[in-house]
Engineer: 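The structure under discussion is supplied below as C-alpha coordinates; questions concerning it will follow.
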2 protein chains.
Amino acid sequence: MMSEAAITRLGDMGRWEPDAKGRLMVAALELYTERGYEQTTVADIAQRAGVTERTFFRHFADKREVLFDGAGTLQETVVTAIATSAAQTAIEMVGTAMERAAEMMQERRDFARQRAAAIAANPSLQERELLKLAVLGAAAASALRDRGVPEPAATLAAEVGVTVFKVAFERWIDDQPDFPACIRATLEGLRALQ
Amino acid sequence: MMSEAAITRLGDMGRWEPDAKGRLMVAALELYTERGYEQTTVADIAQRAGVTERTFFRHFADKREVLFDGAGTLQETVVTAIATSAAQTAIEMVGTAMERAAEMMQERRDFARQRAAAIAANPSLQERELLKLAVLGAAAASALRDRGVPEPAATLAAEVGVTVFKVAFERWIDDQPDFPACIRATLEGLRALQ
DNA sequence: TTTGCTATGTCAGTGGCTGACATCAGGAAC
DNA sequence: GTTCCTGATGTCAGCCACTGACATAGCAAA
(Lines give C-alpha, C1' and ligand atoms only; values in the text may rest on other atoms or scores of the structure.)
Protein backbone atom coordinates (compact mmCIF):
# COMPACT_ATOMS: atom_id res chain seq x y z
CA MET A 1 0.00 0.00 0.00
CA MET A 2 2.32 2.69 1.24
CA SER A 3 5.16 1.54 -0.99
CA GLU A 4 3.53 3.35 -3.86
CA ALA A 5 3.24 6.49 -1.76
CA ALA A 6 6.99 6.39 -1.19
CA ILE A 7 7.50 6.51 -4.93
CA THR A 8 5.09 9.32 -5.67
CA ARG A 9 6.44 11.65 -3.01
CA LEU A 10 5.62 14.94 -4.67
CA GLY A 11 2.09 14.13 -5.67
CA ASP A 12 1.33 12.80 -2.22
CA MET A 13 1.16 15.90 -0.05
CA GLY A 14 2.57 14.26 3.06
CA ARG A 15 -0.21 12.19 4.43
CA TRP A 16 1.41 12.35 7.87
CA GLU A 17 2.44 15.95 7.49
CA PRO A 18 1.23 18.14 10.38
CA ASP A 19 -1.88 20.34 10.32
CA ALA A 20 -4.12 18.29 8.08
CA LYS A 21 -7.07 20.31 9.37
CA GLY A 22 -5.46 23.59 8.38
CA ARG A 23 -4.61 22.27 4.92
CA LEU A 24 -8.22 21.17 4.47
CA MET A 25 -9.52 24.61 5.43
CA VAL A 26 -7.19 26.33 2.96
CA ALA A 27 -7.96 23.87 0.17
CA ALA A 28 -11.70 24.24 0.72
CA LEU A 29 -11.70 28.04 0.63
CA GLU A 30 -9.55 27.97 -2.50
CA LEU A 31 -11.82 25.53 -4.31
CA TYR A 32 -15.04 27.21 -3.21
CA THR A 33 -13.60 30.44 -4.57
CA GLU A 34 -12.22 28.97 -7.80
CA ARG A 35 -15.15 26.89 -8.97
CA GLY A 36 -17.89 27.44 -6.40
CA TYR A 37 -19.27 25.43 -3.50
CA GLU A 38 -21.59 23.16 -5.46
CA GLN A 39 -19.01 22.34 -8.10
CA THR A 40 -16.55 21.24 -5.44
CA THR A 41 -16.68 17.71 -4.01
CA VAL A 42 -15.28 16.75 -0.64
CA ALA A 43 -13.01 14.35 -2.52
CA ASP A 44 -11.59 17.37 -4.40
CA ILE A 45 -10.81 19.18 -1.16
CA ALA A 46 -9.25 16.10 0.42
CA GLN A 47 -7.08 15.46 -2.62
CA ARG A 48 -5.74 19.01 -2.66
CA ALA A 49 -5.00 18.74 1.06
CA GLY A 50 -3.25 15.42 0.56
CA VAL A 51 -5.64 13.28 2.61
CA THR A 52 -8.67 11.10 1.96
CA GLU A 53 -12.33 12.03 2.02
CA ARG A 54 -12.78 10.12 5.28
CA THR A 55 -10.22 12.30 7.01
CA PHE A 56 -12.13 15.42 6.00
CA PHE A 57 -15.18 14.15 7.86
CA ARG A 58 -13.08 13.37 10.92
CA HIS A 59 -12.11 17.04 11.18
CA PHE A 60 -15.38 18.66 10.07
CA ALA A 61 -18.95 17.64 10.64
CA ASP A 62 -19.91 18.36 7.03
CA LYS A 63 -18.89 20.07 3.81
CA ARG A 64 -19.99 23.49 5.09
CA GLU A 65 -18.41 23.42 8.51
CA VAL A 66 -14.90 23.71 7.06
CA LEU A 67 -15.53 27.44 6.55
CA PHE A 68 -16.70 28.06 10.12
CA ASP A 69 -13.86 26.89 12.30
CA GLY A 70 -13.39 30.30 13.96
CA ALA A 71 -16.96 30.55 15.25
CA GLY A 72 -16.07 29.12 18.64
CA THR A 73 -13.29 31.63 19.27
CA LEU A 74 -15.53 34.50 18.19
CA GLN A 75 -18.20 33.37 20.62
CA GLU A 76 -15.70 33.13 23.49
CA THR A 77 -14.55 36.66 22.76
CA VAL A 78 -18.09 38.03 22.87
CA VAL A 79 -19.08 36.13 26.01
CA THR A 80 -15.92 37.18 27.85
CA ALA A 81 -16.39 40.80 26.81
CA ILE A 82 -19.94 40.81 28.16
CA ALA A 83 -18.88 39.10 31.37
CA THR A 84 -16.22 41.77 32.06
CA SER A 85 -18.00 44.80 30.62
CA ALA A 86 -18.22 47.98 32.67
CA ALA A 87 -21.12 49.33 30.62
CA GLN A 88 -24.41 50.22 32.27
CA THR A 89 -27.08 49.10 29.82
CA ALA A 90 -27.57 45.75 28.09
CA ILE A 91 -27.25 47.28 24.64
CA GLU A 92 -23.98 48.94 25.58
CA MET A 93 -22.60 45.67 26.93
CA VAL A 94 -23.44 43.85 23.73
CA GLY A 95 -22.24 46.74 21.61
CA THR A 96 -18.79 46.84 23.17
CA ALA A 97 -18.58 43.05 23.00
CA MET A 98 -19.26 43.19 19.27
CA GLU A 99 -16.52 45.80 18.99
CA ARG A 100 -14.08 43.37 20.62
CA ALA A 101 -15.11 40.71 18.12
CA ALA A 102 -14.67 43.21 15.30
CA GLU A 103 -11.17 44.07 16.50
CA MET A 104 -10.30 40.41 16.43
CA MET A 105 -11.48 39.96 12.85
CA GLN A 106 -9.96 43.24 11.72
CA GLU A 107 -6.53 41.61 11.56
CA ARG A 108 -7.49 39.22 8.78
CA ARG A 109 -9.56 41.32 6.46
CA ASP A 110 -8.48 39.59 3.25
CA PHE A 111 -9.40 36.19 4.63
CA ALA A 112 -12.73 37.52 5.89
CA ARG A 113 -13.46 38.99 2.47
CA GLN A 114 -12.71 35.84 0.54
CA ARG A 115 -14.73 33.79 2.98
CA ALA A 116 -17.65 36.22 2.86
CA ALA A 117 -17.64 36.10 -0.93
CA ALA A 118 -17.83 32.32 -0.94
CA ILE A 119 -20.68 32.38 1.57
CA ALA A 120 -22.57 35.10 -0.28
CA ALA A 121 -22.50 32.96 -3.42
CA ASN A 122 -24.33 29.99 -1.90
CA PRO A 123 -27.55 29.68 0.14
CA SER A 124 -26.36 26.53 1.90
CA LEU A 125 -23.38 28.38 3.29
CA GLN A 126 -25.59 31.34 4.21
CA GLU A 127 -27.76 28.99 6.24
CA ARG A 128 -24.79 27.75 8.21
CA GLU A 129 -23.61 31.32 8.83
CA LEU A 130 -27.05 32.31 10.08
CA LEU A 131 -27.09 29.35 12.45
CA LYS A 132 -23.68 30.29 13.85
CA LEU A 133 -24.90 33.84 14.41
CA ALA A 134 -28.03 32.55 16.12
CA VAL A 135 -25.91 30.43 18.45
CA LEU A 136 -23.73 33.47 19.09
CA GLY A 137 -26.84 35.45 19.97
CA ALA A 138 -28.03 32.77 22.37
CA ALA A 139 -24.63 32.73 24.08
CA ALA A 140 -24.63 36.52 24.35
CA ALA A 141 -28.12 36.44 25.87
CA SER A 142 -26.97 33.90 28.42
CA ALA A 143 -23.97 36.07 29.31
CA LEU A 144 -26.28 39.06 29.75
CA ARG A 145 -28.50 37.07 32.08
CA ASP A 146 -25.43 36.21 34.12
CA ARG A 147 -24.87 39.95 34.47
CA GLY A 148 -28.35 40.37 35.89
CA VAL A 149 -30.23 41.46 32.77
CA PRO A 150 -33.79 40.09 32.96
CA GLU A 151 -35.78 38.49 30.16
CA PRO A 152 -36.93 39.41 27.60
CA ALA A 153 -34.46 42.29 27.59
CA ALA A 154 -31.48 39.93 27.52
CA THR A 155 -32.63 38.01 24.45
CA LEU A 156 -33.77 41.15 22.71
CA ALA A 157 -30.53 43.03 23.33
CA ALA A 158 -28.43 40.04 22.27
CA GLU A 159 -30.39 39.52 19.06
CA VAL A 160 -30.27 43.19 18.21
CA GLY A 161 -26.53 43.11 18.91
CA VAL A 162 -26.07 40.28 16.45
CA THR A 163 -28.10 42.20 13.89
CA VAL A 164 -25.85 45.22 14.38
CA PHE A 165 -22.83 42.95 13.92
CA LYS A 166 -24.25 41.58 10.66
CA VAL A 167 -25.07 44.99 9.22
CA ALA A 168 -21.73 46.45 10.28
CA PHE A 169 -19.87 43.47 8.84
CA GLU A 170 -21.43 44.05 5.44
CA ARG A 171 -20.43 47.70 5.50
CA TRP A 172 -16.88 46.78 6.52
CA ILE A 173 -16.50 44.18 3.78
CA ASP A 174 -18.11 46.50 1.29
CA ASP A 175 -15.89 49.54 1.56
CA GLN A 176 -15.24 50.71 5.11
CA PRO A 177 -11.71 50.21 6.47
CA ASP A 178 -12.42 50.15 10.22
CA PHE A 179 -14.68 47.34 11.45
CA PRO A 180 -15.05 48.51 15.09
CA ALA A 181 -15.95 51.95 13.76
CA CYS A 182 -18.63 50.32 11.62
CA ILE A 183 -20.06 48.72 14.76
CA ARG A 184 -20.20 52.09 16.52
CA ALA A 185 -21.75 53.80 13.51
CA THR A 186 -24.41 51.10 13.15
CA LEU A 187 -25.25 51.30 16.85
CA GLU A 188 -25.67 55.03 16.41
CA GLY A 189 -27.94 54.45 13.43
CA LEU A 190 -30.02 52.13 15.58
CA ARG A 191 -30.50 54.80 18.23
CA ALA A 192 -31.54 57.24 15.55
CA LEU A 193 -34.23 54.86 14.33
CA GLN A 194 -36.61 55.56 17.18
CA MET B 1 -51.75 0.84 -6.68
CA MET B 2 -53.72 3.90 -5.57
CA SER B 3 -56.98 2.16 -4.91
CA GLU B 4 -60.33 3.90 -4.80
CA ALA B 5 -60.48 5.59 -1.39
CA ALA B 6 -61.41 9.23 -1.74
CA ILE B 7 -61.33 10.32 -5.32
CA THR B 8 -62.48 13.55 -6.88
CA ARG B 9 -64.85 15.41 -4.67
CA LEU B 10 -65.15 19.04 -5.56
CA GLY B 11 -61.92 20.03 -7.23
CA ASP B 12 -62.43 18.67 -10.72
CA MET B 13 -59.96 21.25 -11.84
CA GLY B 14 -57.95 18.67 -13.72
CA ARG B 15 -56.26 16.78 -10.96
CA TRP B 16 -56.35 13.06 -10.77
CA GLU B 17 -55.05 12.39 -7.31
CA PRO B 18 -56.00 15.55 -5.49
CA ASP B 19 -53.56 17.57 -3.41
CA ALA B 20 -50.46 15.40 -3.47
CA LYS B 21 -48.47 18.38 -2.22
CA GLY B 22 -50.77 18.88 0.74
CA ARG B 23 -50.64 15.20 1.63
CA LEU B 24 -46.85 15.32 1.52
CA MET B 25 -46.78 18.33 3.87
CA VAL B 26 -49.09 16.64 6.36
CA ALA B 27 -47.20 13.34 6.20
CA ALA B 28 -43.86 15.09 6.70
CA LEU B 29 -44.97 17.08 9.74
CA GLU B 30 -46.48 13.94 11.25
CA LEU B 31 -43.35 11.87 10.74
CA TYR B 32 -40.97 14.61 11.87
CA THR B 33 -43.06 14.86 15.02
CA GLU B 34 -43.44 11.12 15.59
CA ARG B 35 -39.88 9.94 15.07
CA GLY B 36 -37.84 13.05 14.38
CA TYR B 37 -36.43 14.67 11.24
CA GLU B 38 -33.26 12.58 10.98
CA GLN B 39 -35.06 9.31 11.55
CA THR B 40 -37.46 10.06 8.71
CA THR B 41 -36.53 9.31 5.10
CA VAL B 42 -38.10 11.01 2.13
CA ALA B 43 -39.26 7.57 1.04
CA ASP B 44 -41.18 7.31 4.34
CA ILE B 45 -42.93 10.61 3.72
CA ALA B 46 -43.76 9.73 0.12
CA GLN B 47 -45.14 6.34 1.12
CA ARG B 48 -47.45 7.84 3.76
CA ALA B 49 -48.65 10.38 1.23
CA GLY B 50 -49.25 7.67 -1.36
CA VAL B 51 -46.72 8.85 -3.93
CA THR B 52 -43.13 8.06 -4.85
CA GLU B 53 -39.95 9.69 -3.62
CA ARG B 54 -39.45 11.34 -7.00
CA THR B 55 -42.77 13.13 -6.69
CA PHE B 56 -41.73 14.58 -3.35
CA PHE B 57 -38.77 16.26 -5.03
CA ARG B 58 -40.98 17.63 -7.76
CA HIS B 59 -43.03 19.52 -5.18
CA PHE B 60 -40.24 20.50 -2.76
CA ALA B 61 -36.64 21.45 -3.37
CA ASP B 62 -35.40 19.29 -0.52
CA LYS B 63 -36.36 17.37 2.60
CA ARG B 64 -36.51 20.55 4.71
CA GLU B 65 -38.51 22.73 2.36
CA VAL B 66 -41.68 20.72 2.95
CA LEU B 67 -42.10 22.54 6.28
CA PHE B 68 -41.73 26.03 4.79
CA ASP B 69 -44.40 26.26 2.16
CA GLY B 70 -46.08 29.26 3.77
CA ALA B 71 -42.98 31.46 3.69
CA GLY B 72 -43.92 33.07 0.41
CA THR B 73 -47.38 34.11 1.58
CA LEU B 74 -45.95 35.48 4.81
CA GLN B 75 -43.48 37.56 2.85
CA GLU B 76 -46.18 38.94 0.57
CA THR B 77 -48.20 39.95 3.61
CA VAL B 78 -45.29 41.84 5.13
CA VAL B 79 -44.27 43.55 1.90
CA THR B 80 -47.85 44.63 1.16
CA ALA B 81 -48.29 45.93 4.69
CA ILE B 82 -45.16 48.05 4.41
CA ALA B 83 -46.15 49.32 0.99
CA THR B 84 -49.54 50.52 2.27
CA SER B 85 -48.55 51.57 5.77
CA ALA B 86 -49.58 54.97 7.08
CA ALA B 87 -46.93 54.97 9.81
CA GLN B 88 -44.34 57.71 10.03
CA THR B 89 -41.12 55.97 11.00
CA ALA B 90 -39.41 52.94 9.45
CA ILE B 91 -39.62 50.97 12.69
CA GLU B 92 -43.33 51.63 12.94
CA MET B 93 -43.89 50.50 9.36
CA VAL B 94 -42.07 47.25 9.98
CA GLY B 95 -43.73 46.82 13.35
CA THR B 96 -47.25 47.07 11.98
CA ALA B 97 -46.32 44.83 9.06
CA MET B 98 -45.14 42.19 11.51
CA GLU B 99 -48.45 42.58 13.32
CA ARG B 100 -50.30 41.80 10.08
CA ALA B 101 -48.16 38.68 9.66
CA ALA B 102 -48.88 37.72 13.25
CA GLU B 103 -52.62 38.09 12.68
CA MET B 104 -52.33 35.76 9.73
CA MET B 105 -50.55 33.07 11.71
CA GLN B 106 -52.78 33.55 14.72
CA GLU B 107 -55.52 31.50 13.03
CA ARG B 108 -53.48 28.31 13.00
CA ARG B 109 -51.80 28.26 16.35
CA ASP B 110 -51.81 24.47 16.76
CA PHE B 111 -50.16 23.97 13.41
CA ALA B 112 -47.60 26.65 14.19
CA ARG B 113 -46.83 25.01 17.50
CA GLN B 114 -46.29 21.55 16.08
CA ARG B 115 -44.17 22.94 13.29
CA ALA B 116 -42.12 25.05 15.70
CA ALA B 117 -41.50 22.01 17.90
CA ALA B 118 -40.21 19.99 14.95
CA ILE B 119 -37.92 22.82 13.90
CA ALA B 120 -36.65 23.42 17.42
CA ALA B 121 -35.63 19.77 17.62
CA ASN B 122 -33.27 19.89 14.64
CA PRO B 123 -30.44 22.27 13.66
CA SER B 124 -30.90 21.59 9.95
CA LEU B 125 -34.47 22.81 10.12
CA GLN B 126 -33.39 25.79 12.21
CA GLU B 127 -30.95 26.74 9.48
CA ARG B 128 -33.70 26.75 6.90
CA GLU B 129 -35.96 28.83 9.14
CA LEU B 130 -33.19 31.35 9.70
CA LEU B 131 -32.65 31.61 5.96
CA LYS B 132 -36.35 32.21 5.33
CA LEU B 133 -36.35 34.94 7.96
CA ALA B 134 -33.25 36.51 6.38
CA VAL B 135 -34.99 36.55 3.01
CA LEU B 136 -38.05 38.06 4.67
CA GLY B 137 -35.83 40.75 6.16
CA ALA B 138 -34.28 41.53 2.80
CA ALA B 139 -37.73 41.83 1.22
CA ALA B 140 -38.88 44.12 4.03
CA ALA B 141 -35.80 46.29 3.58
CA SER B 142 -36.54 46.56 -0.11
CA ALA B 143 -40.14 47.54 0.60
CA LEU B 144 -38.92 50.21 3.03
CA ARG B 145 -36.58 51.62 0.39
CA ASP B 146 -39.53 51.84 -1.97
CA ARG B 147 -41.23 53.97 0.68
CA GLY B 148 -38.28 56.36 0.69
CA VAL B 149 -36.36 55.06 3.69
CA PRO B 150 -32.61 55.51 3.03
CA GLU B 151 -29.82 53.02 3.74
CA PRO B 152 -28.64 51.87 6.16
CA ALA B 153 -31.81 52.71 8.07
CA ALA B 154 -33.91 50.47 5.82
CA THR B 155 -31.81 47.36 6.33
CA LEU B 156 -31.38 48.05 10.02
CA ALA B 157 -35.09 48.61 10.63
CA ALA B 158 -36.01 45.52 8.62
CA GLU B 159 -33.52 43.30 10.42
CA VAL B 160 -34.61 44.60 13.79
CA GLY B 161 -38.21 44.01 12.77
CA VAL B 162 -37.44 40.39 11.96
CA THR B 163 -35.71 40.05 15.31
CA VAL B 164 -38.80 41.40 17.04
CA PHE B 165 -40.89 38.91 15.10
CA LYS B 166 -38.67 36.02 16.19
CA VAL B 167 -38.68 37.01 19.86
CA ALA B 168 -42.43 37.65 19.85
CA PHE B 169 -43.07 34.34 18.12
CA GLU B 170 -41.26 32.46 20.85
CA ARG B 171 -43.29 34.20 23.52
CA TRP B 172 -46.52 33.43 21.68
CA ILE B 173 -45.70 29.75 21.22
CA ASP B 174 -44.48 29.54 24.78
CA ASP B 175 -47.53 30.77 26.65
CA GLN B 176 -49.02 34.00 25.34
CA PRO B 177 -52.42 33.76 23.62
CA ASP B 178 -52.28 36.87 21.42
CA PHE B 179 -49.51 36.97 18.80
CA PRO B 180 -50.06 40.57 17.59
CA ALA B 181 -50.03 41.67 21.22
CA CYS B 182 -46.69 39.90 21.63
CA ILE B 183 -45.34 41.90 18.71
CA ARG B 184 -46.47 45.16 20.29
CA ALA B 185 -45.06 44.19 23.69
CA THR B 186 -41.70 43.23 22.18
CA LEU B 187 -41.53 46.47 20.24
CA GLU B 188 -42.19 48.30 23.48
CA GLY B 189 -39.40 46.32 25.17
CA LEU B 190 -37.10 47.35 22.36
CA ARG B 191 -37.84 51.02 22.92
CA ALA B 192 -37.17 50.57 26.61
CA LEU B 193 -33.74 49.11 25.87
CA GLN B 194 -32.10 52.41 25.07
C1' DT C 1 -60.95 9.48 -31.44
C1' DT C 2 -57.05 11.92 -31.60
C1' DT C 3 -53.92 14.96 -29.80
C1' DG C 4 -51.57 17.23 -26.29
C1' DC C 5 -50.58 18.65 -21.62
C1' DT C 6 -49.36 17.69 -16.95
C1' DA C 7 -48.54 14.97 -12.90
C1' DT C 8 -46.54 10.88 -11.81
C1' DG C 9 -43.70 6.50 -12.03
C1' DT C 10 -39.26 4.07 -13.09
C1' DC C 11 -34.44 3.70 -13.24
C1' DA C 12 -29.70 4.73 -13.06
C1' DG C 13 -26.28 7.54 -11.17
C1' DT C 14 -23.69 11.19 -8.23
C1' DG C 15 -22.19 12.75 -3.99
C1' DG C 16 -22.58 13.69 1.14
C1' DC C 17 -21.87 11.19 5.15
C1' DT C 18 -21.18 7.04 8.54
C1' DG C 19 -19.65 2.67 10.76
C1' DA C 20 -16.36 -0.98 11.07
C1' DC C 21 -11.94 -2.39 10.68
C1' DA C 22 -6.99 -2.28 9.18
C1' DT C 23 -2.73 0.33 9.21
C1' DC C 24 0.81 3.57 10.17
C1' DA C 25 3.88 7.04 12.80
C1' DG C 26 5.76 8.50 17.07
C1' DG C 27 6.58 8.06 21.69
C1' DA C 28 6.51 5.57 26.22
C1' DA C 29 7.81 1.49 28.63
C1' DC C 30 10.66 -2.26 28.97
C1' DG D 1 16.48 -1.58 20.39
C1' DT D 2 12.33 -3.92 20.86
C1' DT D 3 7.69 -3.89 22.29
C1' DC D 4 3.48 -1.73 23.11
C1' DC D 5 0.21 1.83 23.15
C1' DT D 6 -2.23 5.71 21.26
C1' DG D 7 -4.04 8.69 17.99
C1' DA D 8 -4.46 9.95 13.21
C1' DT D 9 -5.21 8.06 8.86
C1' DG D 10 -6.64 4.76 4.96
C1' DT D 11 -9.94 1.33 3.00
C1' DC D 12 -14.31 -0.45 2.13
C1' DA D 13 -19.23 -1.13 2.20
C1' DG D 14 -23.41 1.04 2.54
C1' DC D 15 -27.45 4.45 3.43
C1' DC D 16 -29.77 8.22 1.85
C1' DA D 17 -30.58 12.94 -0.30
C1' DC D 18 -31.14 14.50 -4.73
C1' DT D 19 -31.08 14.69 -10.13
C1' DG D 20 -31.57 13.71 -15.16
C1' DA D 21 -33.71 11.03 -18.72
C1' DC D 22 -37.37 8.67 -20.28
C1' DA D 23 -41.85 6.17 -19.99
C1' DT D 24 -46.74 6.27 -18.66
C1' DA D 25 -51.38 7.51 -16.89
C1' DG D 26 -55.15 10.52 -16.53
C1' DC D 27 -57.63 14.52 -18.35
C1' DA D 28 -59.23 17.97 -21.76
C1' DA D 29 -59.69 20.29 -25.92
C1' DA D 30 -59.84 19.75 -30.91
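Quick caveat, the model's predicted, so the values are computed rather than measured. Quick note: numbers below take in every heavy atom, side chains included, and nothing from hydrogens, waters or symmetry partners.
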Engineer: Under 4.0 Å: is that the gap between some side-chain N or O of A/T55 and OP1 or OP2 of D/dA8?
Structural biologist: no

Engineer: In whole angstroms, how far is the C1' atom of C/dC17 from the CD atom of A/E65?
Structural biologist: 14 Å

Engineer: For residues 150-171 of chain A, which residue pairs qualify under ring pair (Phe, Tyr, Trp, His ring centres under 6.0 Å), counting only residues two or more places apart or in two chains?
Structural biologist: A/F165-A/F179, A/F169-A/W172, A/F169-A/F179

Engineer: Is a salt bridge present between B/R115 and B/E129, judged by a nitrogen-to-oxygen distance below 4.0 Å?
Structural biologist: yes

Engineer: Tell me whether the OP1 or OP2 atom of D/dA8 has a side-chain N or O from A/H59 closer than 4.0 Å.
Structural biologist: no

Engineer: For the pair made of CD in B/Q39 and C1' in C/dC17, what is the distance, rounded to whole Å?
Structural biologist: 15 Å

Engineer: Test side-chain contact (heavy atoms from CB on, under 4.5 Å) on A/L130 and B/E127; report intermediate values, then the result.
Structural biologist: CA-CA 7 Å; A/L130 291 168; B/E127 288 187 342; over 6 Å; no

Engineer: Apply side-chain contact (heavy atoms from CB on, under 4.5 Å) to B/L74 and B/M105, showing your working.
Structural biologist: CA-CA 9 Å; B/L74 192 71; B/M105 298 179 62; 4.0 Å; yes

Engineer: Round to the nearest Å and state the distance from B/L24 atom CG to C/dA7 atom P.
Structural biologist: 14 Å

Engineer: May I have the step-by-step check of side-chain contact (heavy atoms from CB on, under 4.5 Å) for A/R23 and A/V51, ending in yes or no?
Structural biologist: CA-CA 9 Å; A/R23 268 155 35 220; A/V51 295; 3.8 Å; yes

Engineer: What string of B, S and - do you get for nucleotides 15-24 of chain D, 5' to 3', when a contact is any protein heavy atom under 4.0 Å?
Structural biologist: --SBBBBB--

Engineer: What do the steps show when you test B/I82 against B/L144 for side-chain contact (heavy atoms from CB on, under 4.5 Å), and what is the final call?
Structural biologist: CA-CA 7 Å; B/I82 292 177; B/L144 283 175; 3.9 Å; yes

Engineer: At what distance, to the nearest 0.5 angstrom, does CG of A/L193 lie from CD of A/E188?
Structural biologist: 10.5 Å

Engineer: Tell me which residues in residues 116-124 of chain A put a heavy atom below 4.0 Å from DNA chain D, sorted by number, or none.
Structural biologist: none

Engineer: Evaluate the side-chain proximity of B/R100 to B/M104: yes if any heavy-atom separation is below 4.5 Å, no if none is.
Structural biologist: no

Engineer: Nearest whole Å is fine: how far is D/dT9 P from A/D19 CG?
Structural biologist: 10 Å

